[in-house]
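So the structure is just underneath, and the comments pick up after that.
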Amino acid sequence: CMKRLIILATALVCVLGLVGCSEKEPAIWDWTKELEREDIVSVTPWSEENSFEALDDAATLDLVVLLNNLTKENFTENKDLTGGTPAFGIRISLASETFNINQSIHPNGALEIKYREKMWLIDNFELLDFVRTVTDTTPVE
């Protein structure tokens, strides 16, 4: 009888654990933390003034490191979709989807990204500096 109770309790814990895990949708900071160089097909910078070639492996790896270092605190959901037409950004192509990290005029983030049907502001100077560098864009004071 005790053996059955232990088996039943273990099964219940496993089922509840699986239900809890399946309902959790990955957050943007989870995606950036787990992104690997091998996941990326290409990264293409763009700006209003210039067209660019895709980044080489070294620059793509630099981007991955910057994205991996982002935390939840670097992101703010842009719930009211405040913004304007971006002047520069990068297009990250994966095998299954494409993400754009663009300039943002919102005060809570200099960059933005659409992830899982939500717009997210990114507040991180190192990533902003990287995107400005690869798009040959200078800050406007």
Side-chain angles (χ1 to χ4, degrees), residues 2-141:
M2 186 62 141
K3 199 175 193 179
R4 277 191 189 158
L5 187 58
I6 291 172
I7 291 172
L8 184 59
T10 303
L12 184 60
V13 167
C14 289
V15 169
L16 290 175
L18 289 173
V19 169
C21 291
S22 65
E23 291 179 12
K24 183 179 182 249
E25 186 175 290
I28 180 70
W29 46 89
D30 295 326
W31 176 76
T32 60
K33 187 112 8 237
E34 295 169 5
L35 187 67
E36 296 179 1
R37 169 61 191 101
E38 295 76 28
D39 299 333
I40 298 175
V41 175
S42 67
V43 178
T44 309
W46 62 269
S47 74
E48 292 176 326
E49 295 90 25
N50 302 303
S51 62
F52 299 95
E53 297 293 320
L55 298 182
D56 63 20
D57 282 340
T60 300
L61 185 57
D62 289 344
L63 173 63
V64 169
V65 169
L66 289 168
L67 292 173
N68 288 167
N69 287 330
L70 295 176
T71 64
K72 182 178 181 177
E73 289 71 33
N74 294 115
F75 294 95
T76 304
E77 186 180 349
N78 187 356
K79 291 181 181 178
D80 48 353
L81 302 177
T82 304
T85 303
F88 64 90
I90 57 174
R91 185 169 297 109
I92 304 170
S93 298
L94 308 179
S96 59
E97 55 193 323
T98 300
F99 295 94
N100 291 295
I101 298 178
N102 305 325
Q103 169 203 25
S104 171
I105 61 168
H106 196 284
N108 290 337
L111 297 169
E112 66 183 2
I113 184 172
K114 184 176 183 181
Y115 182 80
R116 305 267 188 227
E117 303 305 316
K118 294 180 182 179
M119 290 302 293
W120 293 94
L121 300 166
I122 306 170
D123 182 24
N124 181 269
F125 179 77
E126 290 82 9
L127 181 59
L128 174 62
D129 188 52
F130 176 87
V131 174
R132 281 186 176 149
T133 300
V134 300
T135 60
D136 196 27
T137 307
T138 54
V140 177
E141 297 299 327

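Scope of the values below: all heavy atoms of this structure, side chains included, with no hydrogens, waters or symmetry mates.
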Is a side-chain donor or acceptor of Glu112 paired with a backbone partner of Ser104 at a separation under 3.5 angstrom? no
dist Asn100:CG -> Thr44:OG1 (nearest 0.5 Å) comes out at 10.0 Å
Distance col, row Ile28:CD1 vs Ile122:CD1, nearest 0.5 angstrom, shows 6.5 Å
According to side chain to side chain donor-acceptor pair (under 3.5 Å), who are the partners of Thr71, at least two apart in sequence or on a separate chain? Glu73, Asn74
Determine the interplanar angle of the Trp29 and Trp120 rings, folded into 0 to 90°, and report it as parallel if under 30°, tilted if 30 to 60°, perpendicular if over 60°. perpendicular
Does Leu111 reach the side chain of Leu121, with side-chain heavy atoms less than 4.5 Å apart? no
State, yes or no, whether a side-chain contact exists between Ile92 and Ile101 at a heavy-atom distance under 4.5 Å. yes
With sequence neighbours left out, the residues meeting side chain to side chain donor-acceptor pair (under 3.5 Å) with Asp56 are none
Please name all residues satisfying side-chain contact (heavy atoms from CB on, under 4.5 Å) with Glu36, sequence neighbours left out, ordered by chain then number. Glu38, Asp39
Rounded to the nearest 0.5 Å, the CG atom of Leu61 sits from the CD1 atom of Ile40 at a distance of 9.0 Å
Rounded to the nearest 0.5 Å, how far apart are CG of Asn124 and CZ of Phe130? 12.0 Å
Of the non-hydrogen atoms in Val43 and Pro45, which two are nearest, and what is the gap between them? O-CD, 3.7 Å
Atom pair NZ (Lys114) and CG (Leu81), whose distance is rounded to the nearest 0.5 Å: 9.0 Å
ring-ring contact (aromatic ring centres under 6.0 Å, His included) against Phe99, all qualifying residues, sequence neighbours excluded: Trp31, Tyr115
For residues Leu94 and Leu35, report the shortest heavy-atom separation together with the two atoms involved. CD2-CD1, 4.2 Å
Got a donor-acceptor contact below 3.5 angstrom from the Lys33 side chain to the Asn68 backbone? yes
Return the set of residues passing side-chain contact (heavy atoms from CB on, under 4.5 Å) with Glu34 (not counting sequence neighbours), or none when no residue passes. Asp30
More than 12 non-hydrogen atoms from neighbouring residues, nucleotides or ligands closer than 6.0 Å to CD on Glu97, yes or no? yes
With rounding to the nearest 0.5 angstrom, report the CG to CG distance, Leu55 to Leu63. 7.0 Å
Going by heavy atoms in the side chains, are Leu127 and Asn69 under 4.5 Å from each other? no
Could you tell me if the side chain of Arg37 sits less than 4.5 Å from the side chain of Asp57, heavy atoms only? yes
Any side-chain heavy-atom pair of Ser47 and Gln103 under 4.5 Å: no
Taking C-beta and beyond as the side chain, do Asn50 and Thr135 meet within less than 4.5 Å on heavy atoms? no
Any pair with a residue in residues 39-59 that passes ring pair (Phe, Tyr, Trp, His ring centres under 6.0 Å), sequence neighbours left out, goes on the list, sorted by first then second residue, please. none
